[in-house]
Amino acid sequence: MDLEVHFRRIAVSKISDPGSNAEVEFTLAANGQTQKFVDNDLRIGITPINRTFLVRVPPASTLNIAVGGVEKDVSSADDPLPGFVRRFGAANNFGVGVHSIPASNTHMTYLMDFEVRPAPGLLTSLIGTATLTTTDDRARGPFTTNITMELFFNDPRTEVSISSIPPVTVQTGNGPVTVTHTGGGNGTFDKNTGTVRLPADLHFDLPFPGSDSNLPLTLTTGRAGGLIGTPLNRTTSGIRLVGAATFTGGTLAGKEGTLAIDGELTELP
């Protein structure tokens, strides 16, 4: 069963810090997928969250929801915020509906709302390899690793988005680099031609001096830099997505990065 888990809002009724506001970082999870909700000025009252997961749950499995967080403190260690875990199986329709979950500890009391609903489209996996290069002498590559991307196609099959990509770590001569998917939004899909344009924002956790960097890619089945993609082949289920962009922020700012993903879809849109 393909499900959409949408975290709607948090209603805070108590904050222990003076001034009734807090700098918080929540980690939201649905069957192993995670997203961050960060608010540097969370106050008593209702605050939108607006984080959505797309999850495939086999009939004999469960939907597992987990929330945890910390309150950031400049002058001392971070304080743990209250969290919760919920599990839904076939006996309770995998949790389809709206849920308001209370959580409380000495640092905060809140009510968090999330909704579980059938996904109005197709969730499919792209299984293959990812090859990364940069123009930085410390990590030129190419670095190739196995990858599984979850892609979501809307019901009319005109839009596509990345539901999840597990973090990928590649080894360089200067130490490991961990790449995580942080967002990107909806892209486009042409069912007749198999062409794709797909935003994909990547964060690079670097072992080099200086702060981490980001790579705002648009993956395409066309051309990107010196790379050439390949549209979806409905006979083989194969597809090649390529992207090229300039790093922003941190030690790689101004350098170029490329990504090529070669693989097959487990289900055709």
Side-chain angles (χ1 to χ4, degrees), residues 1-6 30-33 35 52-61 63 90 94 96 116-133 141-168 170 179-202 215-245 257-269:
M1 187 175 188
D2 293 340
L3 298 171
E4 190 175 75
V5 180
H6 179 65
N31 278 29
Q33 300 179 36
Q35 295 187 46
T52 301
F53 297 86
L54 294 162
V55 181
R56 171 160 293 171
V57 183
S61 189
L63 172 65
F94 298 101
V96 170
V116 181
R117 55 202 180 206
L122 172 69
L123 185 65
T124 185
S125 297
L126 172 57
I127 301 174
T129 59
T131 301
L132 174 72
T133 71
F143 305 103
T144 300
T145 185
N146 294 329
I147 191 172
T148 298
M149 296 173 57
E150 299 290 337
L151 299 178
F152 183 76
F153 293 84
N154 68 346
D155 221 16
R157 304 298 192 265
T158 56
E159 295 183 354
V160 59
S161 59
I162 297 173
S163 174
S164 69
I165 307 176
V168 172
V170 296
V179 183
T180 55
H181 172 246
T182 56
N186 291 334
T188 59
F189 173 65
D190 189 315
K191 189 173 181 178
N192 295 322
T193 63
T195 55
V196 170
R197 284 184 62 83
L198 182 60
D201 296 336
L202 304 180
L215 188 63
L217 288 170
T218 296
L219 297 173
T220 176
T221 51
R223 292 177 178 269
L227 303 175
I228 301 175
T230 305
L232 176 63
N233 184 316
R234 291 193 168 274
T235 301
T236 65
S237 301
I239 191 171
R240 174 176 167 85
L241 298 171
V242 297
T258 70
L259 178 65
I261 299 174
D262 297 272
E264 299 178 356
L265 294 181
T266 54
E267 292 186 52
L268 293 176

Would you list the atom pairs, donor with acceptor, under 3.5 Å between side chains in residues 215-226 and any protein atom, with sequence neighbours excluded?
unit_1	atom_1	unit_2	atom_2	d
T220	OG1	V196	O	3.4
T220	OG1	G222	N	2.8
T221	OG1	V196	N	3.0

Give, for atom CD of Q33 and atom OG1 of T52, the distance between the pair rounded to the nearest 0.5 Å.
-> 11.0 Å
Where the side chain of E4 meets the backbone of F53, is there a donor-acceptor pair that is under 3.5 Å apart?
-> no
Is it true that E267 and R56 have a side-chain N and a carboxylate O under 4.0 angstrom from each other?
-> yes
Report yes if the side chains of T129 and I147 come closer than 4.5 Å at any heavy-atom pair, otherwise no.
-> no
Single hit among I165, I162, I239 for side-chain contact (heavy atoms from CB on, under 4.5 Å) with L151 = I162
Which atom pair, heavy atoms only, marks the closest approach of A90 to P59?
-> CB-O, 4.0 Å
Between T193 and P231, is any pair of side-chain heavy atoms under 4.5 Å apart?
-> no
Hey, what do you get for CG (L3) to CZ (F94), rounding to the nearest 0.5 Å?
-> 7.5 Å
State, yes or no, whether a side-chain contact exists between T266 and I127 at a heavy-atom distance under 4.5 Å.
-> yes
Distance, nearest 0.5 Å, that separates OG1 of T148 from CG of L126 = 8.0 Å
I would like to know whether N31 and V57 meet side chain to side chain contact (heavy atoms under 4.5 Å, CB included); could you show each step before the answer?
-> CA-CA 9 Å; N31 278 29; V57 183; 3.9 Å; yes
Can you find a pair of side-chain heavy atoms, one from T158 and one from T188, that are under 4.5 Å apart?
-> no
Residue pair P199 / G184: nearest heavy atoms and the distance that separates them | CB-O, 3.0 Å
Taking side-chain hydrogen bond (donor to acceptor under 3.5 Å, both in side chains) as the test, write out the residues that go with T144, two or more places apart.
-> T131
Could you pull out the closest heavy-atom pair between A130 and I261, with the gap in Å?
-> CB-CG1, 4.2 Å
Just how far is it from atom CZ of F152 to atom OG of S161, taken to the nearest 0.5 Å?
-> 7.0 Å
Flag, side chain of N154 to backbone of E159, donor-acceptor distance under 3.5 Å | yes
Pairing residues for D262 by the salt bridge (Lys or Arg N to Asp or Glu O under 4.0 Å) criterion, not counting sequence neighbours = R240
side-chain contact (heavy atoms from CB on, under 4.5 Å), paired with M1, selected from V96, V55, L63 = V96
Kindly indicate whether the side chain of E150, heavy atoms from C-beta on, has any atom under 4.5 Å from the side chain of L123.
-> yes
So how far is it from S125 OG to E264 CD, rounded to the nearest 0.5 Å?
-> 12.5 Å
Heavy-atom side-chain contact between F189 and P269 under 4.5 Å | yes
CG of L54 to OG1 of T124: how many Å apart, nearest 0.5 Å?
-> 12.5 Å
Please examine the side chains of M149 and S164, heavy atoms only from C-beta on, and report whether any two atoms are closer than 4.5 Å.
-> no
Is it the case that more than 12 heavy atoms not belonging to R197 sit under 6.0 Å from its CZ atom?
-> no
Does L202 reach the side chain of L259, with side-chain heavy atoms less than 4.5 Å apart?
-> yes
